[in-house]
Amino acid sequence: MQTGPSIWRLNIKTAANEGIDPRKFCLDRKILGVGWPIDLGGIINWDSYYKNGAAIYHEQGDKGWWPAINAVKNRLQLNDLCWTRDKSGVYYLGRVVGEWEYRMTKEYLEADVVNVRECEWFQVGEVDAVPGKVINSFIRGRTLQIVDDGNVSLYSQYLYNSLSGSNYYLLPKMSADLFALVSSEDCEDIVGLFLQEKGYRMIPSSCKSDTAVYEFVMKHAETGASAVAQVKQGDVDLHFEDYSSLSCDVYLLTTHGRYVGMQPSNIHCIDPDILKEFITRKKRILSDRVKTWLSIIERLA
């Protein structure tokens, strides 16, 4: 049994030869790897790699070399978990099972994947099965970096156990509240599905708008009436006066906060208990990520 692994994200972008997909290369060979090769014959151990690599990349001002190499060689520990994705957007979760190696055969040099750790990869699926903080970590950052979040760690350990058919990571026994574990994006998805059951249809482009007052705009399928929704996860209060300028129906949810002020007739507060009943009744249409959280809660209990 192993507890408390670090959770990593690997964004595989190497200078591979044309026609070679370094993501597929790593996944097929069950490795986690980065580039930065050196031109040196014979067996290459860590001391020789570091000495020659520093002379090439550090002296040339390559700012990505040492953070990536240090992470692969020193910071990454056996049994840590790592997320990555292929070029089609399918996500994978892997467990680090080997120490640092420098592989200098032709195929590794052509893929520009030479600094490697053996990694046991499992396919997870598309974005709806992946924690939001993992997805967001691919937007920017280093080649290999930690995703420092307790809920992501819990999710990743449970998912690895499930995918591998093992109980490798020992999960704690505890009573957990769904809305304390899921992300703000998960809460928005749940509310969106809940309101669509009430006859509303979401306007997809409105989900991308930069508005502080609401998350998305909806139209009722039968009446055509407009509505908006605002969702806050955690101990966040919502003030009715912030929505006083909106003439349409407004649906509000704060999972652990309060509703403050005089409530106008067009503003509706969603009861978390009713939402939980909806989740239980309509589990089949929830995102894979929320389904996994529900399974985690059952397991923790």
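Atom set for the values below is all heavy atoms of this structure, side chains included, hydrogens, waters and symmetry mates excluded. In this chain, numbering begins with 1 at the start of the sequence shown.
Salt bridge E222/K198: absent, no basic N to carboxylate O contact under 4.0 Å. No salt bridge links R117 with E101; every basic N to acidic carboxylate O contact stays at or beyond 4.0 Å. Under the 4.0 Å criterion applied to side-chain N and carboxylate O atoms, K30 and E120 are not assigned as salt-bridge partners. Looking at R289 and D186, a side-chain N of the basic residue comes within less than 4.0 Å of a carboxylate O on the acidic one, giving a salt bridge. The pair D149-K133 meets the salt-bridge criterion, with a side-chain N (NZ, NE, NH1 or NH2) lying under 4.0 Å from an Asp/Glu carboxylate O.
Taking the six-membered ring for Trp and the full ring otherwise, the centers of F25 and Y108 sit less than 6.0 Å from each other. Aromatic pair Y92/W83: ring centres not closer than 6.0 Å.
By the side-chain contact (heavy atoms from CB on, under 4.5 Å) test, I139 pairs with N136, sequence neighbours left out. Residues satisfying the side-chain contact (heavy atoms from CB on, under 4.5 Å) criterion with C26, sequence neighbours excluded, are I12, I31, V113. Remark: I203 pairs with S205, S206, V217, K219 by the side-chain contact (heavy atoms from CB on, under 4.5 Å) rule, at least two apart or across chains. Residues passing the side-chain contact (heavy atoms from CB on, under 4.5 Å) test with S137, sequence neighbours excluded: R9, Q145, V147. With sequence neighbours excluded, the residues satisfying ring-ring contact (aromatic ring centres under 6.0 Å, His included) with F138 are Y91.
Note that CD of E107 and CG of N17 are 12.5 Å apart. Values are rounded to the nearest 0.5 Å. The distance from atom CD of Q233 to atom OG of S183, rounded to the nearest 0.5 Å, is 7.0 Å. Between the CZ atom in R75 and the CG atom in L144 there is a gap of 8.0 Å [rounded to 0.5 Å]. We find the CZ-NZ distance between R23 and K13 to be 7.0 Å, quoted to the nearest 0.5 Å. The CD1 atom of I296 lies 5.0 Å from the CG atom of L154; values are rounded to the nearest 0.5 Å. Here the CD1-CG distance, from I190 to L195, works out to 12.0 Å after rounding to the nearest 0.5 Å.
With Y169 as reference, Y160 is the one residue of Y158, Y160, Y155 to meet the ring pair (Phe, Tyr, Trp, His ring centres under 6.0 Å) rule.
S184 and E188 share no side-chain donor-acceptor pair at under 3.5 Å. Judged by distance alone, the side chains of W36 and D112 never bring a donor and an acceptor atom under 3.5 Å apart. Using a 3.5 Å distance cut-off with no hydrogens or angles, the side chains of R95 and N79 do pair a donor with an acceptor.
Not a single donor-acceptor pair under 3.5 Å links the side chain of N151 to the backbone N or O of P131. Formation of a donor-acceptor pair under 3.5 Å by the D128 side chain with backbone atoms of D288 is found in this model. Remark: side-chain polar atoms of E59 are not paired, donor with acceptor, to backbone N or O of A55 under 3.5 angstrom. The backbone N or O of T143 sits nowhere less than 3.5 Å from a side-chain atom of N11 that would complete a donor-acceptor pair.
Aromatic ring pairs are classed by plane angle as parallel below 30°, tilted from 30° to 60° and perpendicular above 60°; the pair W65 and Y49 is tilted. In this pair, W100 and W46 present their aromatic rings perpendicular. The plane angle is above 60°, beyond the 30 to 60° band.
Annotation: side chain to side chain donor-acceptor pair (under 3.5 Å) contacts involving residues 244-257, sequence neighbours excluded, comprise D177-H256, Y200-Y251, D249-H268.
With a 4.5 Å cut-off on side-chain heavy atoms, T84 and W121 count as touching.
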